[in-house]
Number of protein chains: 2
Amino acid sequence: MEVAPGETFIEEGETPEHFFNVTGGTVRLYKLLPDGRRQITGFARPGHFLGLAVGEANAFSAEALETVRVCRFSRSRLRAVLDDFPAFERRLLRSAANELVAAQEQMLLLGRKTARERVASFLLAQARPLRACDPPPGRFHLPMTRTDIADYLGLTIETVSRTMTRLRTEKLIALPSPAEVVVLDRGRLEALAGGFEEERI
Amino acid sequence: MEVAPGETFIEEGETPEHFFNVTGGTVRLYKLLPDGRRQITGFARPGHFLGLAVGEANAFSAEALETVRVCRFSRSRLRAVLDDFPAFERRLLRSAANELVAAQEQMLLLGRKTARERVASFLLAQARPLRACDPPPGRFHLPMTRTDIADYLGLTIETVSRTMTRLRTEKLIALPSPAEVVVLDRGRLEALAGGFEEERI
DNA sequence: CGTACGGTTGAGTCCAATCAAGCAGCGTGG
DNA sequence: CCACGCTGCTTGATTGGACTCAACCGTACG
């Protein structure tokens, strides 16, 4: 099934009806406050499962960033598959455990890291290849806007922009275009992201 | 198995060897940055499973707040149990899904809520009974210190203290002692926690 | 060509952090 | 018993990092 860019296919608060597996493109997952403040809780890339959420209501909304491909199951179908293939259940459990680890890392970022550290962490995470065995690419494309990045990192677009500019002037990264990033000094970027004391520049 | 207050029984970065089920007391789960900044990712109460984390290293540390009772399994034992009782796997999956929902809620709190909203959300979460069917108690005990609360909410102890004091002077709560909380105006507290515009006081 | 959108940059403000002091409870030991 | 140190909590004064408000730029597009 294909989802057009900008289309919301899971709505926070609605009763969950389907279970999804992302097979192509990037999805943003987010929660809203009544006055419009938004927190993006993650970006789902191919391989990601969506709609595990138990209970009466979806805990988040999901919206296609680009054209997205998903496999969609009804929840009854999911139950049937789970009953027939216990291995799939194990796979889901592994996936949920990995998501939990990522969520905890993000809580550390949101609760305790500075703007610089948040942006550095984000860029390194984006530089990570899909398959762990591949080498991390030095150059990559950001499919999301500055607004998305800000809402993911708990910052404003202005702060994200300023921070990226500063990382550029300090030669840690290069920005051939706003959406293209080149990692120039992975070591210092990792030190920053990891929260090591900042040495004098 | 019993764990003494202050004792760390899961260490971030170590190879996971055991799987735990909390049966009594409260546990704090946290991550550290190299310079000592701490983010508490959650408090585990009875019923909580710990050590699902797959992979080479624990994603967080776990430390007993009070005297804690846990059931401990070796990971090989866990694997055997999972193979013999698929129902247990389903239970773990449900538990992981619930934790994910809580983690996303916490990301919203850390990324987008003000100090007042964070403290209000925290107090209401603490006021929630263990069994969903029970009525929420109006008065309850906080087993953790202000430092713990601050590190959970991404604030400082001073800000937590000031915010609690202000909620008290505004008659939303009462504090018979620093660790005892009485919810006086649940409605306004919930409006605050939910992020509704603040009306003039 | 005009408009809209995403991004960058500047000036000023503010909320929470930092620095600092003081208080209360509590176990210890002279 | 009480002085002492320690820990946890509160409160005050000040600072600062990120937010807000605002202007501007470049590109895409009808």
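The analysis underlying the following values was restricted to heavy atoms, covering all of them including side chains, and did not include hydrogens, waters or symmetry mates. In the text below, chain A, chain B and the rest are named by the order of the sequence lines, each starting its count at 1.
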Side-chain polar contacts of residues 64-71 of chain A - donor-acceptor pairs under 3.5 angstrom, sequence neighbours left out - could you list them?
unit_1, atom_1, unit_2, atom_2, d
A/E66, OE1, A/T26, N, 2.8
A/E66, OE1, A/T26, OG1, 3.0
A/R69, NH1, A/E2, OE2, 3.4

Q | Inter-end axis angle, the helix from C/dC1-D/dG30 to C/dG30-D/dC1, with every axis fitted to five base pairs (rounded, 10 degrees) | A | 20°
Q | Proximity to the side chain of A/R168 - top-ranked nucleotide from D/dC9, C/dG7, C/dT9 | A | C/dT9
Shorter than 3.5 Å, N or O on both sides, protein versus nucleotides 22-30 of chain D: list them out with atom names.
none

Q: Return the value, rounded to whole Å, for the distance between atom CZ of B/R37 and atom C1' of C/dT18.
A: 14 Å
Q.
In this structure, how many angstroms lie between the P atom of D/dA18 and the CD atom of A/E117, rounded?
A. 9 Å
**Q.** Under 4.0 angstrom between A/T159 side-chain N/O and D/dC19 OP1 or OP2
**A.** yes
**Q.** Separation of atom CD1 in A/I157 from atom C1' in D/dC19, rounded to whole Å
**A.** 11 Å
Q) What is the distance, rounded to the nearest whole Å, between atom CG of B/L155 and atom P of D/dC9? A) 15 Å
(Q) Tell me the interatomic distance from A/R118, atom CZ, to D/dC19, atom P, rounded to whole angstroms. (A) 8 Å
Could you tabulate the donor-acceptor pairs under 3.5 Å formed by side-chain atoms of residues 5-13 of chain B, not counting sequence neighbours?
unit_1, atom_1, unit_2, atom_2, d
B/E7, OE1, B/A4, N, 3.3
B/E12, OE1, B/L32, N, 3.2

Q: List the steps, then state whether salt bridge (charged side-chain N to carboxylate O under 4.0 Å, His left out) holds for A/R162 with A/E158.
A: CA-CA 6 Å; A/R162 278 186 243 274; A/E158 295 94 329; 5.6 Å; no
Q: Give a yes or no on whether the backbone of A/R91 and the side-chain of A/S95 come within a donor-acceptor separation of less than 3.5 Å.
A: no
(Q) A/E63: which residues meet the salt bridge (Lys or Arg N to Asp or Glu O under 4.0 Å) condition with it, sequence neighbours left out? (A) A/R28
Q) Of A/V160 and A/R112, whose nearest nucleotide on DNA chain C comes first from the 5' end? A) A/V160
Q. Any chance CZ of B/F85 has more than 12 other-residue heavy atoms, nucleotides or ligands included, within less than 6.0 Å?
A. no
Q) Distance check: side-chain N/O of B/T145 vs OP1/OP2 of D/dT7, anything under 4.0 Å? A) no
Q: Measure the distance from CG on A/L65 to P on C/dG6 and round it to the nearest whole Å.
A: 12 Å
Q) Mapping A/T165 and B/A115 onto DNA chain C by nearest heavy atom, which one lands closer to the 5' end? A) A/T165
Q: Assess whether atom CZ of A/R75 is packed by more than 12 heavy atoms of other residues, nucleotides or ligands within 6.0 Å.
A: yes
Q: Keeping the roles fixed (side chain from A/R112, backbone from B/R37), state whether a donor-acceptor pair exists under 3.5 Å.
A: no
Q) Out of C/dT8, D/dC19, C/dG6, which nucleotide sits closest to the side chain of A/T156? A) D/dC19
**Q.** Listed partners of A/R90 passing salt bridge (Lys or Arg N to Asp or Glu O under 4.0 Å), at least two apart
**A.** B/D83, B/E89
Q: May I have the distance from B/R166 (atom CZ) to D/dT11 (atom P), rounded to whole angstrom?
A: 14 Å
Q: Take atom CG of B/L167 and atom P of D/dT11, then tell me their distance rounded to the nearest Å.
A: 13 Å
